[in-house]
Amino acid sequence: MPRKHPLCSDTVAAYAVDGAVVLRGVLNASELDTLEQGIEHNLAHLSPLALVASEPDDPGRFVEDFCTWQNNPAYRDILRSSALPHIAAQLMRSRAVRVYHDHLLVKEPGTRQPTPWHQDQPYYNVAGRQNVSFWIPVDPVPLASTLRFVAGSHSGTWYMPRTFRDSQAKWFPEGALAELPAIDAEPERYPQLAWALEPGDCVAFHMLSLHASTGVGPGARRRVFSARYLGDDATHALRPWRTSPPFPGLEQRLPDGAPMDDPLFPMVWPISV
């Protein structure tokens with residue numbers, strides 16, 4: 001059963017306006033220990049969806065994995081029994097909350113590979129405005145290597161999703177969506193939000209919020225678990241291409257535009273469900 005964690009109205013309002021907020025002390029010590037165990041288990045048992053997102057000559061290593069919560073009891077506990085479902089309901093202003101997927105992101109010490117500016121939702125198979133992602137580190141994250149956001153960039157514009165290492169358009173056809181603006185070159189036009197984080201803290205952000213991060217220093221390890229949730233208006237967006245992450249066979253169960261009512265996306269709020 002999820003823990004309740006009431007948010008102040010200012011936090012909910014900031015999420016609606018900026019598309020990203022910091023939340024301090026969301027996971028307690030026991031939950032942090034559970035999550036760390038889950039991450040290490042995941043790293044030792046990578047799924048077929050796992051990938052190395054850094055170059056072969058990178059002195060570190062950037063590892064990602066997706067959709068392993070059903071085989072990882074620690075992840076399952078965090079997704080369903082922590083305060084995250086209740087927080088998600090408040091931030092999304094949604095009556096119901098469904099798990100969308102989990103995402104592991106680990107940058108080992110010395111990893112140079114940055115995470116370029118992007119939005120998440122264009123890579124996905126979901127439509128709707130009520131959604132939230134939680135970026136939850138189990139290691140301290142200094143300001144220099146934390147996740148950065150463009151404030152208010154979730155307002156509606158979809159930008160072309162591209163592969164991170166070679167900038168290929170493997171999702172929407174070239175020209176179908178707007179290209180990314182020169183975010184770092186025009187800081188006055190694209191104000192950024194960023195927070196240093198301690199274990200137990202997290203950042204909540206909308207799936208259309210532009211975000212990016214750098215590599216990590218030689219003495220730092222950055223292990224992050226992302227939990228993604230969907231709200232009342234989320235529907236299946238059938239794509240003619242392989243989404244990231246993919247959900248093979250889902251198109252046979254959920255037609256385009258259908259609510260995300262499927263065992264892959266269990267409802268975790270309200271508590272009575």
[Y] and [X] aromatic ring geometry - parallel, tilted or perpendicular at 30°/60° bounds:
| X | Y | value |
| --- | --- | --- |
| Trp158 | Phe172 | perpendicular |
| His154 | Tyr15 | tilted |
| His211 | His118 | tilted |

So do [Y] and [X] actually touch side chain to side chain, heavy atoms under 4.5 Å?
| X | Y | value |
| --- | --- | --- |
| Ser9 | Val12 | no |
| Leu43 | Leu104 | yes |
| Tyr123 | Thr243 | no |
| Gln192 | Ile183 | yes |
| Ser47 | Asn42 | no |
| Leu23 | Cys202 | yes |
| Leu208 | Pro122 | yes |
| Pro246 | Trp241 | no |

Whether the [X] and [Y] side chains hold a donor-acceptor pair (N or O, under 3.5 Å, no angle test) is what I'd like checked.
| X | Y | answer |
| --- | --- | --- |
| Tyr124 | Arg239 | no |
| Lys107 | Ser145 | no |
| Thr68 | Asp102 | yes |
| Tyr229 | Asn131 | no |

Expected output: side-chain [X] to main-chain [Y] donor-acceptor under 3.5 Å:
| X | Y | answer |
| --- | --- | --- |
| Glu40 | Glu36 | no |
| Asp58 | Arg61 | no |
| Glu64 | His103 | no |
| Thr163 | Gln168 | yes |
| Arg76 | Gln70 | yes |
| Thr214 | Ala144 | yes |
| Gln121 | Gly128 | yes |
| Gln90 | His5 | yes |
| Asp120 | Met207 | no |
| Thr34 | Ala74 | no |

Check: Hydrophobic cluster mates of Val203, side-chain heavy atoms under 4.5 angstrom, ILVMFWY only, any path?
Finding: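 Taking Ile, Leu, Val, Met, Phe, Trp and Tyr as members, Val203 shares its hydrophobic cluster with Val22, Phe62, Leu105, Trp135, Val141, Leu147, Phe149, Leu193, Trp195, Leu197, Phe205, Val224.
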For a quick test of reading the model, state the closest non-hydrogen atom pair linking [X] to [Y] and the distance between them.
| X | Y | answer |
| --- | --- | --- |
| Arg228 | Ser133 | NH1-OG, 2.9 Å |
| Asn125 | Tyr100 | OD1-OH, 2.5 Å |
| Ala227 | Leu84 | CB-CD1, 4.1 Å |
| Thr157 | Gln119 | O-NE2, 2.8 Å |
| Pro116 | Ala212 | C-CB, 3.8 Å |
| Pro109 | Pro218 | CB-O, 3.2 Å |

Note to self: Is the distance from the ring center of Tyr159 to that of Trp117 below 6.0 Å?
What the structure shows: no
Check: Quick check, are the ring centers of Phe247 and Phe265 under 6.0 angstrom apart?
Finding: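 Phe247 vs Phe265: aromatic centres under 6.0 Å.
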Residue pairs, two or more places apart or on separate chains, that pass salt bridge (Lys or Arg N to Asp or Glu O under 4.0 Å) and touch [range]:
| range | result |
| --- | --- |
| residues 245-260 | Arg253-Asp262 |
| residues 6-24 | Arg24-Asp201 |
| residues 132-152 | Asp139-Arg223, Arg148-Asp184 |

Consider only side-chain heavy atoms of I, L, V, M, F, W and Y, link residues closer than 4.5 Å, and tell whether [X] and [Y] are in one cluster.
| X | Y | value |
| --- | --- | --- |
| Leu210 | Leu177 | no |
| Trp69 | Leu264 | no |
| Val106 | Phe66 | no |
| Leu238 | Trp171 | no |
| Leu230 | Met92 | no |

Hey, what do you get for [atom1] ([X]) to [atom2] ([Y]), rounding to the nearest 0.5 Å?
| X | Y | atom1 | atom2 | value |
| --- | --- | --- | --- | --- |
| Gln130 | Arg98 | CD | CZ | 13.0 Å |
| Phe134 | Ile78 | CZ | CD1 | 12.5 Å |
| Thr235 | Leu254 | OG1 | CG | 10.0 Å |
| Tyr190 | Leu180 | OH | CG | 9.5 Å |
| Ile87 | Leu91 | CD1 | CG | 7.0 Å |
| Leu79 | His101 | CG | NE2 | 11.0 Å |

Margin query: One pair to check against salt bridge (Lys or Arg N to Asp or Glu O under 4.0 Å): Glu31 and Arg3. What are the steps and the verdict?
Written below: CA-CA 11 Å; Glu31 290 166 340; Arg3 286 194 294 109; 2.9 Å; yes
Please list, chain by chain and in numerical order, all residues satisfying side chain to side chain donor-acceptor pair (under 3.5 Å) with [X], sequence neighbours excluded.
| X | answer |
| --- | --- |
| Glu188 | none |
| Asp232 | Ser94 |
| Glu179 | Arg162 |
| Glu108 | Arg221 |

Next item on the list: Please identify each residue that fulfils salt bridge (charged side-chain N to carboxylate O under 4.0 Å, His left out) with Asp233, with sequence neighbours left out.
Entry: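 Residues passing salt bridge (charged side-chain N to carboxylate O under 4.0 Å, His left out) with Asp233: none at all.
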Notebook entry, point to check: Can you name the residues that form a salt bridge (charged side-chain N to carboxylate O under 4.0 Å, His left out) with Asp77, not counting sequence neighbours?
Noted result: none
Margin query: Can you list everything that forms a side-chain contact (heavy atoms from CB on, under 4.5 Å) with Pro2? Sequence neighbours excluded, please.
Written below: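 So Pro2 forms a side-chain contact (heavy atoms from CB on, under 4.5 Å) with Pro85, Trp269, Ile271.
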Checklist line | Those residues that, when tested against His45, pass side-chain contact (heavy atoms from CB on, under 4.5 Å) (two or more places apart) | finding: His41
